[in-house]
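Read the structure below first, then the notes.
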Amino acid sequence: MNKIGFWVTSLLIALALASSMLFVVDQRQFGVVYALGQIKEVITEPGLNVKLPPPFQNVRYIDKRLLTLDSSDTESMLTAEKQRVVIDWYVRWRISDPSAYIRNVGPDEAAGAMQLNRVVRNSFQEEVNRRTVRELLSVKRDALMSDVKREVLEAVRGGAKPWGIDIVDVRITRIDYVEAITASVYGRMEAERQRVANELRSTGAAEAEKIRADADKQRDVIVANAYRDAQKVKGDGDAQAARIYADAFGRDPGFAQFYRSLDAYKASFSKKSDVMVIDPSSTEFLKNFVAPGAAAARGKQ
């Protein structure tokens, strides 16, 4: 039993020792082997590797993939015309030299991101100070990103202590005024749009009045022409009627006088309550109500 326990214990110790000496490097990482706190070896290829057991050697891993750093602060920057703007940006970067990175920047990716954020921020501030808002928004936006990338590369590669990183890309996601200026700009834009709207309304009202005046003028002309034509037609009708009456009355003057008398009497009795009193001794009045043909017939009798 003592021998079995000895061999089991020895096996467990060997397995523990082997596990502390073996490590696997993933294809997405660098494996950095430390010996008493100093970098002993950097393993760049994935696979199974061997090292001395702790505390003689230990291993730490650093990401070798493409990393993204987004802007984290909202502090404004001054343009060439002293306008305050807020810029959102991001940087794509990766660790190219783990040894230089660990010695000059820090042991992990967070240390590099913190220092890189400061450098990019300063570069943007310097370049924004040289440009106007119009250039930042449209004309020289690409040039701004190129200049910032160049300055950041010079900062991380130059000097006596290179950072051991590569800057792949620098991009701007948003450029905007600070909140106070934005409200003022929106107010000016609203006032300008209101002014344009009022001008359009005034122009439309003037055009409407012009159209209405022209329509009224055309209506008056049409009504006048229609009245003129109606009067002309009416005059022609009255003349033709008068001619017909004259022709008819000329053929029989007695009948004409009788018809006129009827019209006169009809005009005299305009109300139903009017009463006519006839003097029997007056024969002139009765003669007017006897047709000329009838009078002639009585005469013959």
Side-chain angles (χ1 to χ4, degrees), residues 1-75 88-126 145 147-171:
M1 293 294 297
N2 292 334
K3 290 184 178 181
I4 295 175
F6 172 77
W7 286 110
V8 170
T9 303
S10 300
L11 181 60
L12 292 176
I13 294 174
L15 290 175
L17 183 62
S19 63
S20 65
M21 296 177 61
L22 298 176
F23 65 96
V24 177
V25 177
D26 191 87
Q27 64 268 21
R28 298 168 296 180
Q29 297 173 326
F30 294 110
V32 183
V33 180
Y34 291 85
L36 301 178
Q38 299 295 323
I39 298 176
K40 177 66 174 180
E41 182 183 6
V42 176
I43 300 173
T44 59
E45 297 298 327
L48 183 63
N49 297 271
V50 180
K51 65 176 182 61
L52 295 178
F56 302 104
Q57 288 184 347
N58 54 23
V59 61
R60 298 185 67 175
Y61 302 97
I62 296 180
D63 203 327
K64 64 166 34 176
R65 294 173 297 179
L66 191 64
L67 305 175
T68 301
L69 172 64
D70 293 314
S71 57
S72 57
D73 58 355
T74 58
E75 185 179 352
D88 291 340
W89 48 263
Y90 69 88
V91 178
R92 307 299 299 274
W93 64 288
R94 64 161 54 94
I95 299 172
S96 58
D97 187 346
S99 298
Y101 179 84
I102 293 171
R103 292 190 182 97
N104 301 324
V105 179
D108 52 22
E109 298 83 1
M114 183 175 62
Q115 296 194 37
L116 186 60
N117 182 79
R118 174 180 53 81
V119 173
V120 175
R121 165 75 189 181
N122 293 338
S123 298
F124 266 112
Q125 181 67 72
E126 183 177 351
M145 293 185 290
D147 291 343
V148 170
K149 179 180 178 181
R150 174 180 51 79
E151 291 182 8
V152 173
L153 282 173
E154 291 176 356
V156 301
R157 291 179 179 177
K161 295 181 177 181
W163 290 23
I165 65 175
D166 286 333
I167 306 299
V168 178
D169 198 9
V170 176
R171 290 291 167 183

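Not counting sequence neighbours, the partners of K64 by the side-chain contact (heavy atoms from CB on, under 4.5 Å) test are F30. Checked against side-chain contact (heavy atoms from CB on, under 4.5 Å), V24 has the following partners two or more places apart in sequence or in another chain: L48. In terms of the salt bridge (charged side-chain N to carboxylate O under 4.0 Å, His left out) criterion, R94 has no residue partners (sequence neighbours excluded). In this structure, R118 has no salt bridge (charged side-chain N to carboxylate O under 4.0 Å, His left out) partners at least two apart in sequence or on a different chain. By the salt bridge (charged side-chain N to carboxylate O under 4.0 Å, His left out) test, D108 is found to be paired with no residue, residues two or more places apart in sequence or in another chain being considered. Take Y34 and apply the ring pair (Phe, Tyr, Trp, His ring centres under 6.0 Å) test, not counting sequence neighbours, and it matches no residue. Legend: residues meeting side-chain contact (heavy atoms from CB on, under 4.5 Å) with L116, ordered by chain and number and at least two apart, are L69, V91, W93, V120, V152, V156, W163, I165, I167. Qualifying side-chain contact (heavy atoms from CB on, under 4.5 Å) partners for P54, counting only residues two or more places apart in sequence or in other chains: S20, K51. Listed by chain and residue number, nothing satisfies the side chain to side chain donor-acceptor pair (under 3.5 Å) test with E75 (two or more places apart in sequence, or in another chain). Not counting sequence neighbours, the partners of D169 by the side chain to side chain donor-acceptor pair (under 3.5 Å) test are R171. For the salt bridge (charged side-chain N to carboxylate O under 4.0 Å, His left out) test, no residue two or more places apart in sequence or in another chain qualifies with R103.
Between L36 and P55, the shortest heavy-atom contact is CD2-O, 3.8 Å. Pairing each heavy atom of L52 with each of M21, the nearest pair is C-CG, 4.4 Å. Closest approach of V119 to A155, counting heavy atoms only: CG1-CB, 3.7 Å. Contact detail for G31 and V25: the closest heavy-atom pair is N-CG1, 4.0 Å. Closest heavy-atom contact between P98 and V42: CG-CG1, 3.7 Å. Taking every heavy atom of both residues into account, S72 and N117 meet most closely at OG-OD1, 3.9 Å.
With hydrogens and angles ignored, the 3.5 Å screen pairs no side-chain donor or acceptor of S71 with any backbone N or O of D88.
Considering only heavy atoms from C-beta on, V32 stays 4.5 Å or farther from V59 through its side chain. Residues R157 and D166 have side chains in contact (heavy-atom distance under 4.5 Å, counting atoms from C-beta outward).
Atom CZ of R121 is surrounded by more than 12 heavy atoms from other residues, nucleotides or ligands within 6.0 Å. More than 12 heavy atoms of other residues, nucleotides or ligands shown are found within 6.0 angstrom of CD on Q27.
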Passes side chain to side chain contact (heavy atoms under 4.5 Å, CB included), W89 versus V148? Steps please. CA-CA 11 Å; W89 48 263; V148 170; over 6 Å; no

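Atom CD1 of I43 is separated from atom OH of Y61 by 8.0 Å, given to the nearest 0.5 angstrom. Atom OH of Y101 is separated from atom CD of E109 by 6.0 Å, given to the nearest 0.5 angstrom.
Pairs engaging residues 26-45 under the salt bridge (charged side-chain N to carboxylate O under 4.0 Å, His left out) rule: D26-R28 [sequence neighbours left out].
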